[in-house]
Amino acid sequence: MSMVFSSDFIEAIRSAQSCLVLTGAGVSAESGLMTFRGMQGLWDDFNPQELATPEAFACDPKKVWEWYQWRREKLPLVQPNPGHLAIAEMEKYFQNFLLVTQNIDGLHQRAGSVKMVELHGNLNRNKCSRCGIMIETLPDSDEVPPRCKCGGRIRPDVVWFGEMLPEATLKKAWQMAGMADLLFSVGTSSVVQPAASLGLVARNNGAFLIEVNLEKTELSGMFNQVFLEKAGQIMPLILEEIVKAKTGKY
Ligand code: OAD
């Protein structure tokens with residue numbers, strides 16, 4: 001795939017010192033993980049109210065636990081794709097950089113991203129739903145889900161609908177949105193708050209906004225540039241452009 005980038009886009013990259021990249025499930029689609037919305041999304045077959053809320057867990061902990069176990073079991077079978085890898089490289093080329101992901105699959109870390117925060121937690125971690133302690137190793141138990149020493153049920157360390165996002169993480173993301181001069185929104189439907197508002201904050205501060213998605217989203221109108229492309233195809237080309245702009249080398 002070849003691509004001719006606009007001069008506005010190239011100039012925005014060249015002059016940017018602070019770059020924020022927001023990602024969603026679409027960035028992992030080419031690794032073989034399902035998105036939530038859009039073509040064959042998880043929320044077509046499953047009801048988020050019955051699986052991704054504290055009420056659902058209180059009502060049917062086994063069902064919720066097993067759904068996350070099912071998603072968890074896929075992780076060792078998939079690999080980061082060129083989109084993840086390009087985003088991991090990008091952090092080397094800006095004075096300030098932050099990747100803010102809504103994904104809980106850990107693929108960005110496996111691709112080498114370091115300057116990053118996870119807004120919705122991580123599927124590979126567990127915590128107690130009662131005392132909140134992190135559980136490193138699941139206890140041997142026939143009960144599903146297993147219990148913490150305190151007696152509380154163990155749950156995945158992810159953020160469910162209706163729950164607060166981790167405060168320090170949110171603060172970092174917000175701060176970066178306020179100072180970024182470049183923001184990429186990659187593979188997210190931009191309907192879940194507060195992640196979707198990061199672009200708005202950045203735009204109000206004069207950032208150049210770029211969206212990468214297979215289709216237009218509700219927020220496409222506010223972006224300076226929209227690429228209707230697969231993240232795994234376009235992000236490596238964008239990385240090339242960044243390397244060129246920042247180092248003068250090709
Ligand atoms: P969504 O599933 O809502 O959106 C994924 C987006 O990626 C869609 O807009 C697709 O068009 C796009 N897409 C699919 N394949 C792509 C590809 N190869 N390249 C680029 N784009 C592609 O996922 P999120 O926006 O991440 O929260 O969803 C946000 C939150 O809603 C999730 O974190 C999750 C979900 O419910 C919770 O579970 C709390």
Side-chain angles (χ1 to χ4, degrees), residues 1 3 21-57 63-65 67-68 70-72 78-87 99-108 111 116-125 155-166 169-170 173 183-200 210-223 225-239:
M1 189 166 121
M3 192 86 203
V21 179
L22 171 69
T23 63
V27 92
S28 295
E30 289 157 82
S31 293
L33 297 178
M34 285 170 88
T35 59
F36 297 95
R37 300 170 189 83
M39 257 194 304
Q40 296 173 335
L42 281 166
W43 295 153
D44 285 347
D45 293 333
F46 301 102
N47 179 351
Q49 294 307 322
E50 289 173 14
L51 292 164
T53 63
E55 293 77 19
F57 187 70
K63 178 175 166 187
V64 171
W65 178 261
W67 189 67
Y68 280 93
W70 170 70
R71 291 176 60 195
R72 214 169 243 178
V78 302
Q79 298 298 329
N81 67 57
H84 296 108
L85 295 168
I87 292 169
L99 164 63
V100 178
T101 189
Q102 298 166 85
N103 299 344
I104 58 175
D105 55 32
L107 286 175
H108 281 301
M116 67 170 292
V117 291
E118 293 172 311
L119 276 187
H120 293 167
N122 191 305
L123 196 46
N124 289 309
R125 293 193 304 258
R155 57 165 282 182
D157 183 24
V158 298
V159 177
W160 284 328
F161 289 104
E163 290 187 316
M164 300 285 287
L165 272 64
T169 302
L170 199 56
L183 178 139
F184 290 88
S185 175
V186 188
T188 174
S189 57
S190 292
V191 294
V192 173
Q193 295 297 347
S197 300
L198 287 171
L200 211 62
I210 299 134
E211 181 174 56
V212 173
N213 200 302
L214 288 184
E215 53 190 29
K216 285 202 169 167
T217 69
E218 280 173 38
L219 293 188
S220 290
M222 80 169 181
F223 286 83
Q225 179 106 45
V226 177
F227 294 111
L228 298 179
E229 306 278 353
K230 285 186 172 176
Q233 290 184 351
I234 188 95
M235 292 315 291
L237 302 181
I238 289 176
L239 171 67

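Numbering of ligands and ligand atoms starts at 1, following listing order. All figures in this text were calculated on a predicted structure; none of them were measured in a lab.
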Applying a 4.0 Å heavy-atom criterion (strictly less than), which segment of Glu30 is in contact with ligand 1: side chain, backbone, both, or neither?
side chain
For ligand 1, which atoms have a heavy atom of Glu215 less than 4.0 angstrom away?
11 (O)
I'd like to check which ligand 1 atoms, numbered from 1 as shown, lie under 4.0 Å from a non-hydrogen atom of Ala29.
15 (N)
Closest approach of Val27 to Asn81 (non-hydrogen atoms, all atoms of both residues)
O-ND2, 2.8 Å
Looking only at the side chains, is there a donor atom on one of Glu118 and Thr101 sitting less than 3.5 Å from an acceptor on the other?
no
Is a donor from one side chain sitting under 3.5 angstrom from an acceptor on the other, for Ser31 and Gln79?
no
Atom indices of ligand 1, in the order listed, that fall short of 4.0 Å to a heavy atom of Trp43:
35 (C), 36 (O)
Once you restrict to heavy atoms under 4.0 Å, what part of Val159 touches ligand 1? Side chain, backbone, both or neither.
backbone
Ring of Trp160, cation from Arg155 - is the NZ or CZ under 6.0 Å from the centre and inside 45° of the axis?
yes
Side chain, backbone, both or neither: which applies to His120 and ligand 1 if a contact is any heavy-atom pair less than 4.0 Å apart?
side chain
Gly24 heavy atoms, cut-off 4.0 Å: which ligand 1 atoms fall inside?
26 (O)
So which bit of Asn213 gets within less than 4.0 Å of ligand 1, heavy atoms only: side chain, backbone, both or neither?
both
Looking only at non-hydrogen atoms, find the nearest pair between Glu229 and Val212 and report the distance.
O-CG1, 3.8 Å
Which of the numbered atoms in ligand 1 are under 4.0 angstrom from any heavy atom belonging to Gln102?
29 (C), 33 (O)
If you count the atoms of ligand 1 from 1 in the order shown, which ones are under 4.0 Å from a heavy atom of Glu229?
19 (N), 20 (C)
Nearest non-hydrogen contact with atom 6 (C) of ligand 1 belongs to which option: Ala195, Gly121, Gly41, Gly187?
Gly187
Touching ligand 1 at all, Ala25? Heavy atoms, strictly under 4.0 Å?
yes
